[in-house]
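Right, one structure below, let's go through it.
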Amino acid sequence: MEVKNSRAYKYAQWCIEEGNRKVPKYVKKQAKSWIDIVDGKNPEAYNDEKAFDKINKLLTLMVHPDLQCPMDEGLEDYAWLLIVAVLCTKLKNDENKDIRYYVTAVLEICRKNFKTFNAAVIFILLMLTDPKFSRFFSVAPDLKLSKELQIAIRKIIKSSPLLAEDDVFKLLRSEIRCLLTDSEYIPLAYSEDRMDGKLANAFLADEAGAMDSYPIESMRSSQITLHNKLGIIISTQYPNDNNAMIDEIDISKKVLDGLLDDKRRFSLLYEPDDDLLINDQWMTNDLVIYQSNPVAVSHEYVFNAIKDMRTMAILYENKRENYLCKHNNIKYKGLGVEGYIDVTKVRECKIKEDLEFWKGKRVWVGLDLSQTDDNTAVAMVTEYEGMIYGKVWGFIPKDKKDLKSKKEKVDYDRLIKQGVCFECGDEVIDYSFIENFILTLEEKYGVEIQQVGYDRYNAISTVQKLEAVGCECVEIKQHSSVLHMPTKLLKECILNKTFRYDENLMLEINFQNARCTEDTNLNKYVNKKKSEGKVDMVVALINAIYLLQQDLLYGTDDFAVQVG
């Protein structure tokens, strides 16, 4: 059987069907990316039909311990996609044709979707197919949780007569050995075991939302010398703001949105789309359940069980956190927070830089002067023939560039080379560099600065220096009642394609990070604390648009963009 006739490929095709909202957008993006590989449209990867045939035959030899049927019949559709994509997609490499393309597999999925069971199937397949003397590990917050994978593996082996033979697997208390390949699997606990010193051909981080990044990074460090390596990271959402899964999900989204160049990463992110996270839609909209629970799509009894729990969560406040986190992949305290603008919509407004365009234009400048050791941004906007044009720059401390690149998973060297970011100062931002940058805008671009808008926080000294040389500076209170109108105008202009910005990857990353909150009067604004990363460029842009909007509202009457 060819991969194109498999349940994995058919499920991927179903995912990307137009109008199919039972699948969240990032799963759709990953499914489309993998379909392109199978269809021969990817220059770096291909689907290995021999590997698929081998995996398919091994799955027919396994017996599903609960359904008592061949494993290939008992697996869920999403599990087929995960297994076939991760194990059968290979790197196009003239030297070695048998290197897996995907180095990392991320699965964000709710409870009771058989995630640990499917990981057990993958580990058995790896032990049977990877090179001799391979070592496999699972890491989890405690040993009991880590051993859940071991228990699942044992159940499958004992239920499968051909695998249960004495010369195939040896089941020990602390590990499982595959005698055919001399490979071994060992469960580890973050709370008890040292992660360093292990050489992991493949590892599983289970319930990554309950751990920090140390276990995952230790496993990855062990794989540096390996060509054929794999890390599987699985979790539901957790209510805490500092856990390894947050970063893994964020990286996966940036990869799927084209903001990070890490194509050897396969991610199935079953979480509700942003538009389903507002107005308490989790209480009534069944799409929230379907998008976060793929098993509920094909099994009505699972869907009904989750609906019953939803009813209890609506009635009883103390049940909501568990329900929303574990069965909807929604952070409870995150309700009311939504993505600002889909980065794909933002990109539709991108244009090539044209320095001639700016000559003679009246412009308004917005600042976001953050703490001296953090990112700072300057934005310049103008209106021309019913369109708003923006140009934005970022600034970072020079000596913190490498640390920030690693921590934020952003390639600042690349952004600096592109001219959208500047490194200035040492450990802290050199505000004199930024002040001089603003003062040279008129000469460099031939523009006429009308006003400079700023948030009073961290800006007093800079504003005094700008005013001393004749710049008109306007304080913009960072309050929802003030920011709502420019925030709304920018979004409407992007969606209506009446906004243009010079090509700027850093700005796109900021838009991807931005999250909005709503006050009691339904005023929306970009919330730095709720956002998923740096948003200083978006904030500076909104500040600049506030000044432009005030001029358009009270200075002239010939601007056509809707502002109400």
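Here the structure is a predicted model, which means the values were calculated and not measured.
Not counting sequence neighbours, the partners of Lys401 by the salt bridge (Lys or Arg N to Asp or Glu O under 4.0 Å) test are Asp413, Glu423. Here Tyr454 pairs with nothing under the ring pair (Phe, Tyr, Trp, His ring centres under 6.0 Å) rule; sequence neighbours left out. Applying the side chain to side chain donor-acceptor pair (under 3.5 Å) test to Asn285 and every residue at least two apart in sequence or in another chain returns Gln281. For Asp354, the side chain to side chain contact (heavy atoms under 4.5 Å, CB included) partners are Glu356, Phe357, not counting sequence neighbours. In terms of the side chain to side chain contact (heavy atoms under 4.5 Å, CB included) criterion, residue partners of Val103 (sequence neighbours excluded) are, by chain and number, Lys229, Arg264. For Ala31, the side chain to side chain contact (heavy atoms under 4.5 Å, CB included) partners at least two apart in sequence or on another chain are Ala12, Cys15, Ile16. With sequence neighbours excluded, no residue forms a side chain to side chain donor-acceptor pair (under 3.5 Å) with Tyr546. Looking at residues two or more places apart in sequence or on another chain, you find a side chain to side chain contact (heavy atoms under 4.5 Å, CB included) between Thr311 and Leu315. The salt bridge (Lys or Arg N to Asp or Glu O under 4.0 Å) search around Lys254 returns Asp250, not counting sequence neighbours. For Phe395, the ring pair (Phe, Tyr, Trp, His ring centres under 6.0 Å) partners at least two apart in sequence or on another chain are Phe422, Phe437. For the ring pair (Phe, Tyr, Trp, His ring centres under 6.0 Å) test, residues two or more places apart in sequence or in another chain that qualify with Tyr102 are Phe266. Partners of Tyr101 under the ring pair (Phe, Tyr, Trp, His ring centres under 6.0 Å) rule, at least two apart in sequence or in another chain, do not exist in this structure.
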